[in-house]
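Have a look at the structure below before the remarks.
As the structure is a prediction and not an experimental result, all values here were calculated from the model. Both backbone and side-chain heavy atoms feed into the values below; hydrogens, waters and symmetry mates do not. Lettering follows sequence order; numbering is per chain, from 1.
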Number of protein chains: 4
Amino acid sequence: MTETGPSRIQSEKRAAILGAALEVFAAEGFRGATLDRIAGEAGLSKPNLLYYFPSKEEVHEALLSGLLDLWLAPLRRIDPDGEPMAELLGYVRRKLALSRSHPRESRLFANEILQGAPRIGPTLSGALRDLVEEKAQAIAAWAETGAIAPVDPRHLIISVWALTQHYADFDVQVRAVLGRDDPLDGAEAHLEMLFERLLAPRA
Amino acid sequence: MTETGPSRIQSEKRAAILGAALEVFAAEGFRGATLDRIAGEAGLSKPNLLYYFPSKEEVHEALLSGLLDLWLAPLRRIDPDGEPMAELLGYVRRKLALSRSHPRESRLFANEILQGAPRIGPTLSGALRDLVEEKAQAIAAWAETGAIAPVDPRHLIISVWALTQHYADFDVQVRAVLGRDDPLDGAEAHLEMLFERLLAPRA
Amino acid sequence: MTETGPSRIQSEKRAAILGAALEVFAAEGFRGATLDRIAGEAGLSKPNLLYYFPSKEEVHEALLSGLLDLWLAPLRRIDPDGEPMAELLGYVRRKLALSRSHPRESRLFANEILQGAPRIGPTLSGALRDLVEEKAQAIAAWAETGAIAPVDPRHLIISVWALTQHYADFDVQVRAVLGRDDPLDGAEAHLEMLFERLLAPRA
Amino acid sequence: MTETGPSRIQSEKRAAILGAALEVFAAEGFRGATLDRIAGEAGLSKPNLLYYFPSKEEVHEALLSGLLDLWLAPLRRIDPDGEPMAELLGYVRRKLALSRSHPRESRLFANEILQGAPRIGPTLSGALRDLVEEKAQAIAAWAETGAIAPVDPRHLIISVWALTQHYADFDVQVRAVLGRDDPLDGAEAHLEMLFERLLAPRA
DNA sequence: AATGAATGAGCCTTCATTCAT
DNA sequence: TATGAATGAAGGCTCATTCAT
């Protein structure tokens, strides 16, 4: 009757650990991160951390497992039956917003890919590829009707990824160029213009 | 006459070490790389490696120190007195070519930035920023004359970086989407079109 | 009237723990055994186990303390006034039966002795030695009357131990030689013959 | 031309480590033994030990790998064409001598078997079983000619193992019974008599 | 110029034990 | 009684670095 799921303290601690781990893994990479630092930042001892997760590897996996879903959500929301230009610019906006609200997730992902995707490689060739293929067909259809300019849909999607994530992943460099306190509003305007011009059908 | 600089064997070994180190650092990150692996791939013993470089840190630094120069060369070649459109598209082409011919350097750089640029941070705010500022002014001047569309020059440069480097740094992901054997020629065409449309002055 | 000794549940749990501990200590040795495994096999939690026994050490000791009594029972039953040959062969039979019915106890004991008897050393030099001495005199007396062949009684007893326990302690090796499914009946016949011939008085 | 095998210092250190490891593994079992103690007893640091052997497991294996050969040497020397009684009694004598000169090896072996032979199990069912089978046939042949009493040859061999090894493995207990300073000469006489009577053909 | 040998510091993980409930 | 949570101490192993040759 009283099926008890993970107790409150369980979920709170697990959440605290994952938060700290996200911070550390994103900043230092998998090998660079130490359980000591993660535990410290989560406010518990190292063996206590291992009471909640069986190993460093599994903490990392717990972070990655949800990540791709989060990451692809903006793409998933593209509606083949919507208004093409609005759908695509909306996608760009959502993806940029996500990158800016979740920079640590972005860097965690970047780290994983940079190292050759040892852990989520299969998912890339599976779920990711499938989703891209699906959306690419919608975009291609739009291009054929002349609603948008003819572009390679897959490279278009890759461009969105590259441009939006760069602001999160290469933040230090961006800041060095733009100045410490730039609100990055220029980025949004710039990307919007960029994709508008790229996609605008010829007059 | 008998002033002896570094003997040939010296420089050869140093070069071999740096080559191996580039491979390993790019693939595994700084902490993930081990001197053992670098030494092994360079074909010498670990203590011998440390005879040529005093520490792991310094091997890494030796790689990074030359890197920014290489990395900024395409940008540097933009000629304020040249034909605007040709200059900028030439820049894009050169930068993409560089990323594709030097993917390991690209990843090494990406790793460093992702970790917060602990080693080349100062250079970013110095030399890098200065160069960008200089070229940005030239681009801004072009925009004012109407030779190109009005764009934020700094975000333009950032876009070039993002789009070109992405193909090197996120290779695994790109391959997952495009297929293992895609020659990536589509990337070049796509980027050229992208920047052409972005920069083309209004009719 | 209401003096309450250990409640039934108390003794039942203690018994369950000791049963599981016997299994685990016999199979893995003292250091190899973990409270986790013992608790798991006893069907309770680790802290709960430590509610019944204050420490791993004491679980082990509880097992050992009763063990020597059990182990020496067959020897104790030798009757100085009985028929010599029957008494001794009966002893051999009882000891072999015990080893076969209690292989885990045998291995627990073997482990303890192998490690130098850190816990029951004193008992060996005390109770064990005394009992052996007592029975040795009886055997010596039999030898003097010519009822059995003249043998060193202490080495005789040691031989019984060695031969009977070996079948329990070295079971894997015995099985490797005799085959997985040998019922070990041959052992009984063999040992009986061995001691019969050893002890039969000269014609 | 100058094919160099392991340098002298290599073999010396390896030998020292194996010596110390034999001591510790025999006394504490695999899990009970610590690299710290082995290294300490061998006179070097723990990482230095791991410079010579890649892991604790491999130190252990290095000890075990040669052990069975040593252990079976006495059995192997039984000559089917020799004088039966002399061959068998010689075997007993050699095996007892070996157990007494190599008590640590004996205990190392006992530990391994007690734990279920996790590492040399296959060898037991292979090389060991084959050798026993071979010698058992020779013994059976002797029994058939009447040169020795009819005994189960495999149980005979097991008896030799049990009786000889017991003096090494259960040394503490034997000493508790016989006295700290007994030279154990009685053991030799006893075993000789035991097997003589067991094997002597009926008059 | 090169390498075998050595080590201190640190890392991930295990485990007996304690604490709070 | 019973257990979820926590921890200190240790254990095996890695690795950058040093030393001696």
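Nearest-nucleotide assignment on DNA chain F puts the 5′-proximal partner with D:A33, out of B:G32 and D:A33. DNA chain E is contacted by both C:P54 and A:F30; A:F30 maps to the nucleotide lying nearer its 5′ end (nearest heavy atom per residue).
Using a 4.0 Å heavy-atom distance criterion, B:A39 is classed as making no nucleic acid contact. Using a 4.0 Å heavy-atom distance criterion, A:R31 is classed as a sugar-phosphate-only contact.
Checked for salt-bridge contact, D:R37 and D:E23 miss the test: no charged N lies under 4.0 Å from a carboxylate O. Salt-bridge annotation for C:E112 and C:R119: present, with a side-chain N of the basic residue lying under 4.0 Å from a carboxylate O of the acidic one. Using a 4.0 Å cut-off between a side-chain N of Lys or Arg and a carboxylate O of Asp or Glu, A:R107 and A:D169 do not qualify as a salt bridge.
Taking 4.0 angstrom as the limit, C:Y52 places a side-chain polar atom (N or O) nearer than this to OP1 or OP2 of F:dA2. Considering only side-chain N and O atoms, B:Y51 lies nowhere under 4.0 angstrom from the phosphate OP1 or OP2 of E:dA2. Contact annotation: A:N48 reaches the phosphate of F:dT7 (side-chain N/O to OP1 or OP2, under 4.0 Å). Considering only side-chain N and O atoms, A:Q10 lies nowhere under 4.0 angstrom from the phosphate OP1 or OP2 of F:dG4.
Set against E:dC11, F:dT17, E:dT7, the side chain of B:K56 has F:dT17 as its closest nucleotide. Across E:dT14, E:dC12, E:dA2, the shortest atom-to-atom separation from the side chain of A:K46 is found for E:dC12. Listed nucleotides F:dA6, F:dG4, F:dG8 differ in distance to C:P47; the shortest reach to its side chain belongs to F:dG4. Considering only side-chain atoms of D:T34, the nucleotide from E:dA1, E:dT17, F:dG11 that sits closest is F:dG11. Nearest nucleotide to the side chain of B:S55, out of E:dA6, F:dT17, E:dT18: F:dT17.
If you measure from atom NE2 of C:H60 to atom C1' of E:dC15, you get 17 Å, rounded to the nearest angstrom. As a whole-Å value, the separation of A:I17 CD1 from F:dA6 C1' is 12 Å. Separating the CD atom of D:E28 from the P atom of F:dG12 is a distance of 12 Å, rounded to the nearest angstrom. Counting to the nearest Å, the P atom of F:dA2 and the CG atom of C:L50 are 13 Å from each other. A straight line from CG of C:D36 to C1' of F:dT7 spans 15 Å, rounded to a whole angstrom. E:dT18 atom P lies 11 Å from atom CG of C:L35, rounded to whole Å. As rounded to whole Å, 13 Å separates atom P of F:dA6 from atom CZ of A:F53. Rounding to whole angstrom units, CG of residue A:L49 and C1' of E:dC15 are separated by 17 Å.
Counting only heavy atoms from C-beta outward, the side chains of D:F25 and D:R104 never approach each other to under 4.5 Å.
As the counterpart of F:dT18, E:dA5 is assigned, both hydrogen-bonding distances of the Watson-Crick or G-U wobble pattern falling under 3.5 Å. Judged by Watson-Crick or G-U wobble contacts below 3.5 Å, the nucleotide F:dG12 has E:dC11 as its partner.
Because its NZ or CZ atom is both nearer than 6.0 Å to the ring centre of C:F30 and within 45° of the ring axis, C:K56 counts as a cation-pi partner of that residue.
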Item checked: Trace of the side chain to side chain contact (heavy atoms under 4.5 Å, CB included) decision for A:L64 with A:T123 -> CA-CA 11 Å; A:L64 282 182; A:T123 317; over 6 Å; no
